[in-house]
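For reference, the structure is listed below as structure tokens.
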Number of protein chains: 2
Amino acid sequence: MRTVDPVRHSAKRRHIIDTAAGCFAVKGFERTTVAEICTAAGISTGSLFHYFPSKKAIFRAIFEQDGLDNARVLSSASGWAGVLSVIDHLVAPLADRAVAGLVVELVAQAGRDPSLAALVVQNELALRDGLATLLSSCDIDPSVPPVTAASWIQGLVDGLYSRTSLDPSFDPAEQVPVLKQIVTRFLRPTS
Amino acid sequence: MRTVDPVRHSAKRRHIIDTAAGCFAVKGFERTTVAEICTAAGISTGSLFHYFPSKKAIFRAIFEQDGLDNARVLSSASGWAGVLSVIDHLVAPLADRAVAGLVVELVAQAGRDPSLAALVVQNELALRDGLATLLSSCDIDPSVPPVTAASWIQGLVDGLYSRTSLDPSFDPAEQVPVLKQIVTRFLRPTS
DNA sequence: GTCTATAACTCGATAGAC
DNA sequence: GTCTATCGAGTTATAGAC
């Protein structure tokens, strides 16, 4: 008889990931202690290490989850409206301004951990190719190759994150429509 | 009577800055030793510390120099051609792909050094405002505020750096014309 | 906790420009 | 003669091994 409910297990895992992401975003990776994550998540350290072997593993899991989320959103998107919905999904985390700091932490840690860097590259390429496939089915300017278009959508999203973290007067929520306008004028100049 | 030649002095300073920037770009800040910088620059450690009080000061000076360069280019630019020339200047460092790693180092160090972070913010805002002033004198879409347009040009340049460091198949030199096309379609949709 | 290796930084001396 | 640029061995702090 198995007493473990796989649904509960992954829900709890997800809860720890989300809580830890919030901590890392605010305080950075090194400065966040495992004890803080446990307190914030309302669990014991023993319980946490039942789900993750190390603090690094939690950090890594955040971005594995991110890759899975992107894949899910991509698979349920279609047409030009789908492209815009993927953009919405990519920028949604910025509703909490601190996540711009989380990305900074990611890049910093990736510089010190090649396997984390490999995960980042893998996620980026998967997103690029998924977006490119989606764009192929849209009525976009035929002079722009879909992979180029996809890369630049990623680049614009990167720019939104970068501006948010570097310019205190830059309000990402207010700038999302501008981002979509730029994408639209680039890829569908006549519409 | 002054025996110091200010031209020679600043030329040597500049030489050290450029050499160190190359080292930092390749190996990162912590992993490059001042001995390596000295060897690369063809000077002794004693000489290096005659020009800079610390290794951190050299790193900081790279971005102070960058801010000065940007200000110089901005002041000699005018009209739409000036906007494009500023973009050329901003992306020029990517001719050496390793500099994408230098900005990663900058972000990582800024996270640990508030005074460096302050310098970064100051440079970003100065560039934004300089670009906005330049754009005000251009014939751009009046529905886009110049400060918004300037921020997004910075965002696109950030995106180019970010894609270059994250996607090995992304060739920045080849993508610069695309960047300009995006900016043009965004700000001058009719031309 | 102690030890060692490494790397940032110091200092006194020297050479040469004015 | 004075003042500056240069040198490089020496000092000290620290990070990692055991």
Side-chain angles (χ1 to χ4, degrees), chain A residues 20 23-24 26-37 45 48-49 52-60 101 104-120, chain B residues 1-69 96 98-120 122-123:
Chain A
C23 296
F24 290 141
V26 173
K27 294 192 65 177
F29 178 72
E30 274 101 354
R31 291 146 85 109
T32 301
T33 67
V34 173
E36 282 169 342
I37 297 171
T45 59
L48 184 141
F49 282 106
F52 297 96
S54 66
K55 188 169 86 165
K56 261 170 82 167
I58 307 173
F59 191 71
R60 185 187 176 88
V104 168
E105 279 304 309
L106 173 64
V107 174
Q109 289 304 316
R112 279 154 192 76
D113 179 351
S115 90
L116 186 59
L119 173 65
V120 173
Chain B
M1 162 172 72
R2 63 179 303 173
T3 56
V4 51
D5 180 344
V7 175
R8 276 190 93 77
H9 184 89
S10 71
K12 191 130 204 175
R13 228 185 104 94
R14 183 63 185 263
H15 173 238
I16 295 170
I17 288 175
D18 291 343
T19 306
C23 296
F24 291 142
V26 173
K27 294 194 60 178
F29 177 72
E30 272 102 357
R31 294 156 83 113
T32 91
T33 68
V34 319
E36 283 168 339
I37 298 170
C38 292
T39 304
I43 59 170
S44 66
T45 60
S47 192
L48 184 143
F49 283 105
H50 178 70
Y51 290 92
F52 296 95
S54 68
K55 189 170 91 162
K56 265 169 78 168
I58 306 171
F59 191 72
R60 185 187 177 86
I62 296 169
F63 304 101
E64 281 167 350
Q65 186 62 53
D66 192 50
L68 293 175
D69 289 347
D96 176 3
V99 297
L102 187 59
V103 311
V104 168
E105 278 305 307
L106 174 62
V107 173
Q109 288 306 311
R112 289 169 183 76
D113 178 351
S115 92
L116 185 59
L119 173 65
V120 173
Q122 180 192 315
N123 280 353

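Quick caveat, the model's predicted, so the values are computed rather than measured. So that the names make sense, note that chain A is the first sequence line, chain B the second, and so on, each numbered from 1.
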Using whole Å, what does the distance between atom [atom2] of nucleotide [N] and atom [atom1] of [X] come to?
{"X": "B:Lys56", "N": "C:dA8", "atom1": "NZ", "atom2": "P", "value": "13 Å"}
{"X": "B:His50", "N": "D:dC3", "atom1": "NE2", "atom2": "P", "value": "14 Å"}
{"X": "B:Tyr51", "N": "D:dT6", "atom1": "OH", "atom2": "C1'", "value": "8 Å"}
{"X": "B:Glu30", "N": "C:dA8", "atom1": "CD", "atom2": "P", "value": "10 Å"}
{"X": "B:Lys27", "N": "C:dT6", "atom1": "NZ", "atom2": "C1'", "value": "13 Å"}
{"X": "B:Phe49", "N": "D:dA5", "atom1": "CZ", "atom2": "C1'", "value": "16 Å"}
{"X": "B:Phe52", "N": "D:dA5", "atom1": "CZ", "atom2": "C1'", "value": "15 Å"}
{"X": "B:Ile37", "N": "D:dT6", "atom1": "CD1", "atom2": "P", "value": "16 Å"}

Other residues, nucleotides, ligands: >12 heavy atoms within 6.0 Å of B:Arg31 CZ: no
Sugar-phosphate, base or nothing in reach of B:Thr33, heavy atoms under 4.0 Å: sugar-phosphate
Sugar-phosphate, base or nothing in reach of B:Thr45, heavy atoms under 4.0 Å: base
Aromatic plane relationship, B:Phe29 with B:Phe24 - under 30° parallel, 30 to 60° tilted, over 60° perpendicular: tilted
From D:dT6, C:dC9, D:dA5, nucleotide with atom closest to B:His9 side chain: D:dA5
Side chain B:Asn123, main chain B:Asp66, donor-acceptor under 3.5 Å: no
Check: A:Thr32 main-chain N/O paired with A:Lys55 side-chain donor or acceptor under 3.5 Å: yes
